[in-house]
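Have a look at the structure below before the remarks.
Protein chains get the first letters and strands the later ones, always in sequence-line order, with residue 1 at the start of each.
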2 protein chains.
Amino acid sequence: MTSIKDVAKAAGVSTATVSRVLANKPPIRPETRERVMAAIAQLNYRPNLVARSLRAQKSAKIGLVVSDIRNPFFTAIGRAVEDAAYEQGYSVLMCNTDENPEKEMLYLNLLHDENVSGIIFSPTHQFSSQAGDFHFDIPTVIIDRLVHNKEADMVLLDNVSAAYELTEHLLANGYRKIAGLFGDASATGQERHQGFVNALRDHGLTPFSAEFVSPRIRSGFSAATALLQNADQPDAIFTSNSMLTAGVFQAAREFKIKIPDEFALVGFDVTEWGEFVDPPITVIAQPTEEIGRTATELLFQRLSNPNRSARTVILKGNLLKRGSSIAKR
Amino acid sequence: MTSIKDVAKAAGVSTATVSRVLANKPPIRPETRERVMAAIAQLNYRPNLVARSLRAQKSAKIGLVVSDIRNPFFTAIGRAVEDAAYEQGYSVLMCNTDENPEKEMLYLNLLHDENVSGIIFSPTHQFSSQAGDFHFDIPTVIIDRLVHNKEADMVLLDNVSAAYELTEHLLANGYRKIAGLFGDASATGQERHQGFVNALRDHGLTPFSAEFVSPRIRSGFSAATALLQNADQPDAIFTSNSMLTAGVFQAAREFKIKIPDEFALVGFDVTEWGEFVDPPITVIAQPTEEIGRTATELLFQRLSNPNRSARTVILKGNLLKRGSSIAKR
DNA sequence: TTGTAAGCGTTATCAT
DNA sequence: ATGATAACGCTTACAA
């Protein structure tokens, strides 16, 4: 391994000078600079990031902590974060928690021990409920899930409004017996439930039903199965995340129940399948690219200005009206 | 930051002893050990991984270099790699190259500078073509794309057989005018083309057509559009990756051409949409979980035995016969 | 069984 | 403008 010492020797200067050239920190004589650059090129020298990190007590890395990178929402976020980080010369450490608080804690610790400069974090339900006491000693941006903590920046969707809008869309299209299926793993499900109920209430209605279940395809499947096999069926199903939407869709297909003729289906998040199936699924599209980018930018702002007070950015969802919820009759 | 020195002081021992306790390296007196453990617990000490890495000249991190984590194939691989790494106490640095050799080189260098212990790598076309000369100074496992290099382990799919089987399936179901669409970004497309042509030849046939295009949805869309608007149409389209499959499917939908009545569609890789659409798409399922796991395991084996000669693991694809290619007529 | 001290590759402070 | 050197936190000969 060629180190700064070798370069110094080759250029006939001290390691300090090489370091200065590298960091572009004057004062430095142009001539010396040239000599050092030549040596660097000739030896094909590359600074050791680990040593630099040890010395600086931080590193050009950020941690990304999410439940599962296979969730299309997080995949998209992950990619956006990586892009934004890359532009600043940062790299991304990927951490999947599986909604498991222990894995989450382990990763948070690991990121700390790795001297990452910052963390972008979608916390589990358990974490959120105790987040008030938590001290983030590394700059952290929370995404997707509301948390009550003074220290962390946040990038969230306006879930209540989004759910309200999605529900109103169903109402406008003539649906009245609307069942709701909500994820029970985060505050997000609760907020979407809120918007759902508000919209119905404002139209003098109550939910046909409202259930909180684990955010998995099979939960959506069983819940929908129960709902649809009853004599008294809903005419629409509202789902609070794309896993549940998929489960409901599968149930409809399994039991040959036509969407939207027999019931309308709406949900959250853009997925490939949701666009490709017939009819395509009406959803609230979250601006994933923007969420990832904003989170990363917030992080970098915080890094350059550590004692700025935390801010929360709330983004709007975008209703994509599609075939799964066209006007009734 | 509480360091090993603080622990040593608190326990009334030297830093060396603390280090030994941490590493569980005898000889160490049980009593001393206890005292050290107590101090560690009391001070809530956590070893600094960066310092450890600098000293050891390696780190418990591996790099994952792929073209795009949003490609469902790589998403699945990424998750499998992360799982396998996690079990060994390793973490994963995520790198997206976008098939861009410069970004690829930059990341390879970065991983080097970060002292990662190993790399799991799906190289660009350009890289592969010069890979013979490349010296991997970090243990590297190549996945998905064949490369001619003596140093790297590899985990590949038997693409020729898989494509052969997929083509034979079409033939068995009565399709004769089969068009092929292949990705031009890697050796993978070439190999699948090979299997495609072989199968046809063995049945005394030639391709209706065979094109190499960039592996993007819109390339698949335009190629399919051209193919399907001609007077003389194929009765089946074979695609070599899921981006192209999606493009062809979209074209069929756009122009209201019925699958499989007017043409059959087959491809590679499991996607959510491919299962959900009607009819579902016949594909060769790659064992993504196994590929990721195997690659990671190969890496760890290599780490514990650095001068073992490189090995290549070839996995078989699994034909999932679905509605998009049912028997003709 | 334990302690001392060198060294991993940088950077920042203080001299010169 | 540049050089010498300490320090970041850890591990590992080597000594005791």
- Task: Look at R20(A) and dT11(C) and indicate whether a side-chain polar atom (N or O) is within less than 4.0 Å of OP1 or OP2.
- Result: no
- Message: What is the separation between atom CD on E34(A) and atom C1' on dA1(D), rounded to the nearest whole Å?
- Response: 16 Å
- Query: Any cation-pi pair here, K103(B) with Y86(A), using under 6.0 Å and within 45°?
  - Reply: yes
- Item | Rounded distance in Å - CG (L22(A)) to P (dA12(C)) | 12 Å
- Message: Taking only side-chain N and O atoms of S3(B), does any of them lie within less than 4.0 angstrom of OP1 or OP2 on dC8(D)?
- Response: no
- Sub-3.5 Å donor-acceptor pair from the side chain of E99(A) to the main-chain atoms of T124(A), do we have one? no
- Tell me: CD of Q57(B) to P of dA6(C), nearest whole Å? 19 Å
- Item | Pair of N/O donor and acceptor under 3.5 Å linking dG9(C) base with R55(B) side chain | no
- If you take atom types as modelled and just measure distance, does the side chain of R46(B) reach the base of dG9(D) with a donor-acceptor pair under 3.5 Å? no
- Message: If the cut-off is 4.0 Å, is S14(B) near the phosphate of dG3(C), judged by side-chain N/O to OP1 or OP2?
- Response: yes
- Between dG3(C) and T17(B), is there an OP1 or OP2 to side-chain N/O distance shorter than 4.0 Å? yes
- Query: For I143(A) and I120(A), what are the C-alpha separation, side-chain angles and deciding distance, and is it a side-chain contact (heavy atoms from CB on, under 4.5 Å)?
  - Reply: CA-CA 7 Å; I143(A) 55 170; I120(A) 292 177; 3.9 Å; yes
- Query: In whole angstroms, how far is the P atom of dC8(D) from the CG atom of D6(B)?
  - Reply: 11 Å
- Message: So for atom CD, which belongs to E102(A), do other residues, nucleotides or ligands contribute more than 12 heavy atoms lying within a distance under 6.0 Å?
- Response: no
- Message: Given dG3(C), dT10(C), dC10(D), identify the nucleotide with an atom nearest to the side chain of V13(B).
- Response: dG3(C)
- Out of dT5(D), dC8(C), dG9(C), whichever nucleotide has its closest atom nearest the side chain of A51(A): dG9(C)
- What nucleotide among dC10(D), dT5(D), dT10(C) has an atom nearest to a side-chain atom of Y45(B)? dC10(D)
- Task: Take atom CZ of R33(B) and atom C1' of dT2(C), then tell me their distance rounded to the nearest Å.
- Result: 15 Å
- With heavy atoms under 4.0 Å as the rule, sort T32(A) into base, sugar-phosphate or nothing. sugar-phosphate
- Query: Within this structure, what is the CG-to-P distance between N48(A) and dC8(D), rounded to whole angstrom?
  - Reply: 18 Å
- Could you please name the option among dT2(D), dT12(D), dT10(C) that lies closest to any side-chain atom of A16(B)? dT12(D)
- Query: So what does V50(B) touch, heavy atoms closer than 4.0 Å: a base, only the sugar-phosphate, or nothing?
  - Reply: nothing
- Message: Expressed as a whole number of angstroms, how long is the span from L43(A):CG to dG9(C):C1'?
- Response: 15 Å
- Whole-Å distance, I28(B) CD1 to dG3(C) C1', equals 11 Å
- Side-chain contact, heavy-atom cut-off 4.5 Å: S91(A) with L110(B)? yes
